[in-house]
Student: 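Quick one: this structure, given as structure tokens, is what I'll be asking you about.
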Amino acid sequence: MLERITRSITSASIFLAAYFLLNIALRIALPHTLDLDEAEQSFYSQYLLAGYGPQPPFYNWIQYAIVSVTGISMWVLSVPKNIILFGCYLFYGLAAREVLKSRSLAAVAMLSLITLPQVGLMAQRELTHTVALLFATSLFLFGFFRTLRQPTIGSYLLIGVATGIGLISKYNFAILPFAALIAVLPEREWRSRLIDWRLLPAALLAILIVLPHALWLPDNLASASAPTLERMTAEHLAPAGLPRIGQGLLSLIIAVLGFVALPIVLIAAAFRRDFFRALSSSSPMIRVIERMMVISLLAFVGVVLFAGASDIHERWLDPCLLVLLIYLFLKLETAGLDLSAGLARFRPVVPVFMVVILSILLFRIVGIQYIGTYTRTNVPFSGYVAELTATRKPVLIVAGTKFVAGNMRLEFPDVPVVIPFFPGPGVPEYAGAKGPVLVIWRGETADDPTISPGFADDLVRSGIHLQELKTLTLPYLFGDGKRSFSIGYSWVEGGAK
């Protein structure tokens, strides 16, 4: 059965499609409380903007377009994400097929993406913008390898589309096309690809895709970069100077090991001595991929040395190291060894990972009382809504955070949900609200719903004056009943005072 699945990209794609349908079904069956990234998408889907803050807007644009047609729902948040993830696997398989002679090996490389923790588990669990980055990276690899092997105007345009999408998915994607460009230079047979006239329309296409956000970025550089720089520098963890550089380099090493260790161990265990024999094999394509990965990682070293980064996250390495699995299987194939026994041992890894990932996604929510660490998805937003709206319905909701705003938007799909001063000054909807307005927030901790001074000040500056602050506390979903989550709220009448 598994051998038939891995005979071709088509068979493997059908198998993957069934897996992603299971992921959609599981997410729909679990509580409809949104995690942080999901809540952001729910809230942002009310607006079509050139930029939304620290993340580029591609995923937001996709979500906005779909919500504009269908309205907001759990289906609308889950289905597009899984389609984009499926696209990541599909184009990765097509990229593998460009460099691997064996169709079966290309299908296995495609399926083996699930063994990368950042792709198999983390992308499915809570990430959104990274999902778009993974898709763009796979699309770029497909266009890039096809252009090296058999250049056409279509392959060049594919590179342009992938580059444009990647740059407005995550800013760190910029490392990939730069690394690919430099990696090709030493190879005489492919150097001409860099001075081909078809590169010009590809670059133009990438610029057109990026242009709306690029025009927005200069006037909003602080809001777009400050949160990421704050996470990267981790000022509270390391002093300036050499200690920070040391911590940054150590963080990068740990991130690289965390990214690559599991799939390397699994492939080494499956192919055994053949894996270690294949490490010395080389070819022009292998050398290009090696340079791409090395140059990409050197770029991060530069970020540590010159930008003061001291906390590198594994997911930031996605565009640098996603090609790893193609590289490893290309090494094995180039070595000219009989890989049938290794493939037979490796194939069962994929369905086992699928079952494990689905089990983790389920148990982290429904088995939370045994784990002890409650997730955002266990917050009982549907219970809050039932309690708060038993006697009246809001015509406008003013929320303190995107987490709260996105969840309230899902619960009230026909009611505007706003955050003060996003996207414009104050809360202009409040002045024209005809009826009760619900102001709702969460505190710094689960059991402390105290309104933050910043949110309180924003409300006053927006013309909203709270008369009575109330608290609503409910137990976590699937909890033991002893731990609960509290929110603060206040009802006011619409219209500026």
Side-chain angles (χ1 to χ4, degrees), residues 2-3 5-9 12 16 88-121 123 134 137-138 140-142 144-145 148-149 176 179-180 183 253 255-297 314 317-353:
L2 290 175
E3 186 176 356
I5 289 171
T6 57
R7 281 179 182 171
S8 68
I9 296 296
L16 278 171
C88 166
Y89 281 78
L90 176 62
F91 284 110
Y92 196 83
L94 294 175
R97 196 170 66 179
E98 291 297 321
V99 300
L100 294 167
K101 297 175 183 178
S102 168
R103 295 293 182 258
S104 178
L105 208 58
V108 172
M110 168 185 172
L111 292 170
S112 66
L113 263 183
I114 201 169
T115 65
L116 286 172
Q118 290 300 316
V119 182
L121 178 60
L134 293 170
T137 301
S138 291
F140 180 90
L141 292 174
F142 173 47
F144 176 66
F145 291 146
L148 293 183
R149 190 181 67 84
L176 179 60
I253 292 171
V256 171
L257 291 176
F259 195 104
V260 307
L262 183 58
I264 288 177
V265 168
L266 291 171
I267 293 173
F271 291 91
R272 300 176 184 175
R273 283 181 293 181
D274 289 344
F275 175 81
F276 297 99
R277 291 171 183 165
L279 291 178
S280 61
S281 61
S282 185
S283 70
M285 186 65 75
I286 287 175
R287 291 194 295 270
V288 166
I289 296 175
E290 287 172 343
R291 292 188 201 107
M292 286 172 61
M293 292 191 288
V294 170
I295 293 167
S296 298
L297 294 177
E314 286 179 30
L317 304 177
D318 285 338
C320 310
L321 299 177
L322 193 69
V323 72
L324 172 73
L325 296 165
I326 293 177
Y327 169 72
L328 293 177
F329 284 108
L330 182 57
K331 280 260 187 185
L332 287 164
E333 185 180 66
T334 304
L337 304 169
D338 181 4
L339 304 178
S340 56
L343 284 173
R345 287 189 290 266
F346 186 78
R347 286 188 184 103
V349 169
V350 173
V352 167
F353 263 70

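Computed from a predicted structure; not experimentally measured.
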Student: Does a side-chain heavy-atom distance below 4.5 Å link Cys320 with Phe259?
Tutor: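 Not in contact.
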Student: Which distance, rounded to the nearest 0.5 Å, do you find between the CG of Leu339 and the CZ of Phe346?
Tutor: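 One finds 12.5 Å between CG of Leu339 and CZ of Phe346.
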Student: Could you tell me which residues satisfy ring pair (Phe, Tyr, Trp, His ring centres under 6.0 Å) with Tyr89, sequence neighbours excluded, listed by chain and number?
Tutor: Phe20
Student: So which atom in Leu116 and which in Pro263 form the shortest heavy-atom distance, rounded to 0.1 Å?
Tutor: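 So the minimum-distance heavy-atom pair works out to CD2-CG, 3.5 Å.
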Student: In Å, rounded to the nearest 0.5 Å, how long is the span from CG of Leu16 to CD1 of Ile114?
Tutor: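 Going from the CG atom of Leu16 to the CD1 atom of Ile114 covers 7.5 Å.
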Student: Is it true that a side-chain atom of Tyr92 and a backbone atom of Leu322 form a donor plus acceptor pair closer than 3.5 Å?
Tutor: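 Flag set: sc Tyr92 to bb Leu322 pair under 3.5 Å.
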Student: Take Phe353 and Val350 through the side chain to side chain contact (heavy atoms under 4.5 Å, CB included) test and state the conclusion after the steps.
Tutor: CA-CA 5 Å; Phe353 263 70; Val350 173; 5.9 Å; no
Student: Which heavy-atom pair separates Ala96 from Ile326 by the least distance, and what is that distance?
Tutor: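 Heavy atoms only, the tightest pair is N-CD1, 3.8 Å.
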Student: Is any side-chain heavy atom of Arg347 less than 4.5 Å from a side-chain heavy atom of Ser104?
Tutor: yes
Student: Distance check, rounded to the nearest 0.5 Å: Leu100 atom CG versus Met110 atom CE?
Tutor: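 Output value for this atom pair is 13.5 Å.
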Student: How long is the span from the CZ atom in Arg149 to the CZ atom in Arg97, to the nearest 0.5 Å?
Tutor: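 Nearest 0.5 Å value for the CZ-CZ distance: 9.0 Å.
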Student: Can Leu332 and Tyr327 be said to form a side chain to side chain contact (heavy atoms under 4.5 Å, CB included), step by step?
Tutor: CA-CA 9 Å; Leu332 287 164; Tyr327 169 72; over 6 Å; no
Student: Once side-chain hydrogen bond (donor to acceptor under 3.5 Å, both in side chains) is applied, do any residues pair with Glu333, and if so which ones, sequence neighbours excluded?
Tutor: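 Scan of Glu333 (side-chain hydrogen bond (donor to acceptor under 3.5 Å, both in side chains), adjacent residues dropped) gives none.
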Student: With sequence neighbours excluded, what pairs up with Phe271 under the ring pair (Phe, Tyr, Trp, His ring centres under 6.0 Å) test?
Tutor: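 Phe271 satisfies ring pair (Phe, Tyr, Trp, His ring centres under 6.0 Å) with no other residue.
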Student: Report the C-alpha separation of Thr334 and Phe329 in whole Å, then their side-chain angles, then the decisive distance to 0.1 Å, and conclude whether the side chain to side chain contact (heavy atoms under 4.5 Å, CB included) test is met.
Tutor: CA-CA 8 Å; Thr334 304; Phe329 284 108; over 6 Å; no
Student: Got a second to check how far Phe275's CZ is from Lys331's NZ, nearest 0.5 Å?
Tutor: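 Output value for this atom pair is 9.5 Å.
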Student: Testing the basics here: between Ala278 and Ser281, what is the closest heavy-atom pair and its distance to 0.1 Å?
Tutor: O-OG, 2.6 Å
Student: Return the minimal non-hydrogen interatomic distance between Asp338 and Asp274, and the atom names on each side.
Tutor: O-OD2, 3.5 Å
Student: Answer whether the closest heavy-atom distance between the side chains of Glu98 and Phe144 falls below 4.5 Å.
Tutor: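 Glu98 vs Phe144: side chains apart.
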Student: Kindly give the heavy-atom pair with the smallest separation between Met292 and Ala183, and that separation in Å.
Tutor: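 In terms of heavy atoms, the two residues are closest at CG-CB, 3.6 Å.
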Student: Dump the intermediate steps for side chain to side chain contact (heavy atoms under 4.5 Å, CB included) on Arg103 and Ile9, then the final yes or no.
Tutor: CA-CA 7 Å; Arg103 295 293 182 258; Ile9 296 296; 5.8 Å; no
Student: Looking at side-chain heavy atoms only, is the closest gap between Cys88 and Leu113 below 4.5 Å?
Tutor: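 Cys88 reaches Leu113 side chain to side chain.
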Student: Quickly, which of Val260, Ile267, Ile289 forms a side-chain contact (heavy atoms from CB on, under 4.5 Å) with Leu324? Name it, please.
Tutor: Val260
Student: Search all heavy atoms of Leu134 against all heavy atoms of Ala123 and return the closest pair with its distance.
Tutor: CD1-CB, 3.9 Å
Student: Hey, could you give me the CD1/CG distance between Ile253 and Leu297, rounded to the nearest 0.5 Å?
Tutor: 10.5 Å
